[in-house]
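To keep things clear, I will list the structure first and then write my remarks on it.
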Amino acid sequence: MIVVDSNVLAYLYLPGEFTAAAETLMERDPDWSAPLLWRSEFRNILVGYLRRGQLTFSQAHALQSEAEDLLKDCEYEVDSRSVLELARDSECSAYDREFVALAMRLGTRLVTMDGKVLRSFPNISAPLAA
């Protein structure tokens, strides 16, 4: 099991530079988890694609549904104290800390392309493209 951030999910579902790496990760380790926050972040990514005319509403809705199916039963509430403690000691956002806190709680790694997270939490995070 691994924790993936919202951008890794976006790379899996939205063709781009890191799509092949996300697909390889899915083949290698298909048991993905995320904090519930991923839903809002992923929706926000989809809205950007909608506004730029890169997706239709139907496509965006279908991608959100597909991603929700992927993470069904693998979404977690994250303890606020843990997030705040992690935020106190690094410059990453509280949003990013939710993914870190979940990876720590589950005793696994967080796969991300976020440079701040990778630098701040090198023992718990791993880059997607590595």
Side-chain angles (χ1 to χ4, degrees):
M1 174 192 302
I2 57 173
V3 173
V4 295
D5 72 10
S6 303
N7 287 320
V8 172
L9 284 161
Y11 298 143
L12 181 66
Y13 289 106
L14 300 163
E17 180 181 358
F18 299 108
T19 299
E23 290 170 344
T24 298
L25 179 64
M26 175 57 73
E27 290 170 10
R28 188 175 68 231
D29 195 344
D31 190 10
W32 290 14
S33 298
L36 286 169
L37 171 68
W38 83 266
R39 287 177 177 240
S40 293
E41 289 190 340
F42 192 70
R43 285 184 201 114
N44 197 49
I45 292 167
L46 293 174
V47 165
Y49 277 74
L50 277 169
R51 288 183 179 155
R52 290 188 299 275
Q54 295 172 297
L55 288 176
T56 65
F57 177 85
S58 294
Q59 290 169 321
H61 183 256
L63 290 172
Q64 182 71 35
S65 295
E66 190 174 337
E68 288 175 8
D69 285 345
L70 174 71
L71 290 174
K72 185 179 178 184
D73 301 323
C74 298
E75 301 170 283
Y76 297 88
E77 288 281 344
V78 180
D79 177 63
S80 294
R81 181 177 180 91
S82 298
V83 172
L84 291 170
E85 286 174 347
L86 290 168
R88 174 185 61 199
D89 300 327
S90 77
E91 61 185 51
C92 300
S93 72
Y95 302 113
D96 294 333
R97 294 302 190 308
E98 288 202 27
F99 293 89
V100 173
L102 180 59
M104 293 172 82
R105 180 174 126 201
L106 297 176
T108 191
R109 71 186 191 286
L110 164 62
V111 179
T112 183
M113 290 296 288
D114 187 303
K116 283 184 181 180
V117 172
L118 292 166
R119 284 188 301 279
S120 296
F121 301 97
N123 295 328
I124 197 86
S125 64
L128 172 62

Would you tabulate the side-chain donor-acceptor contacts of residues 101-111 under 3.5 Å, counting partners in other chains and residues two or more places apart, or write 'none'?
| from | atom 1 | to | atom 2 | distance (Å) |
| --- | --- | --- | --- | --- |
| R105 | NH1 | E77 | O | 2.7 |
| T108 | OG1 | M1 | O | 2.3 |

Once you round to the nearest 0.5 Å, how far does [atom1] of [X] lie from [atom2] of [Y]?
X	Y	atom1	atom2	answer
E41	L46	CD	CG	12.0 Å
W38	I45	CH2	CD1	10.0 Å
L70	W32	CG	CH2	6.5 Å
E91	D96	CD	CG	10.5 Å
L12	F42	CG	CZ	8.0 Å
T24	M26	OG1	CE	11.5 Å

Going by heavy atoms in the side chains, are [X] and [Y] under 4.5 Å from each other?
X	Y	result
T19	L14	no
D114	N7	no
D31	I2	no
V117	S120	no
Y95	S6	no
P35	F99	yes

Can you say whether the rings of F18 and Y11 are parallel (under 30°), tilted (30 to 60°) or perpendicular (over 60°)?
tilted
Once you measure the plane-to-plane angle for F57 and H61, does it fall in the parallel (<30°), tilted (30-60°) or perpendicular (>60°) bin?
parallel
Taking only residues two or more places apart in sequence or in another chain, which ones pass salt bridge (Lys or Arg N to Asp or Glu O under 4.0 Å) with E75?
R39
Under the 3.5 angstrom rule, does the side chain of R52 hit a backbone N or O of G48 as a donor-acceptor pair?
yes
With sequence neighbours excluded, residues passing side chain to side chain contact (heavy atoms under 4.5 Å, CB included) with L118:
T112, S125, P127
How far apart are the C-alpha atoms of V78 and L36, what are their side-chain angles, what is the distance that settles it, and do they pass the side-chain contact (heavy atoms from CB on, under 4.5 Å) test?
CA-CA 8 Å; V78 180; L36 286 169; over 6 Å; no
Check whether NZ of the Lys or CZ of the Arg R119 lies under 6.0 Å from the centre of the six-membered ring of F121 and within 45 degrees of that ring's axis.
no
Count the heavy atoms belonging to other residues, nucleotides or ligands that lie under 6.0 Å from OH of Y76, then report whether that count exceeds 12.
yes
Could you check K72 against E68 for salt bridge (charged side-chain N to carboxylate O under 4.0 Å, His left out), going step by step and ending with a plain yes or no?
CA-CA 6 Å; K72 185 179 178 184; E68 288 175 8; over 6 Å; no
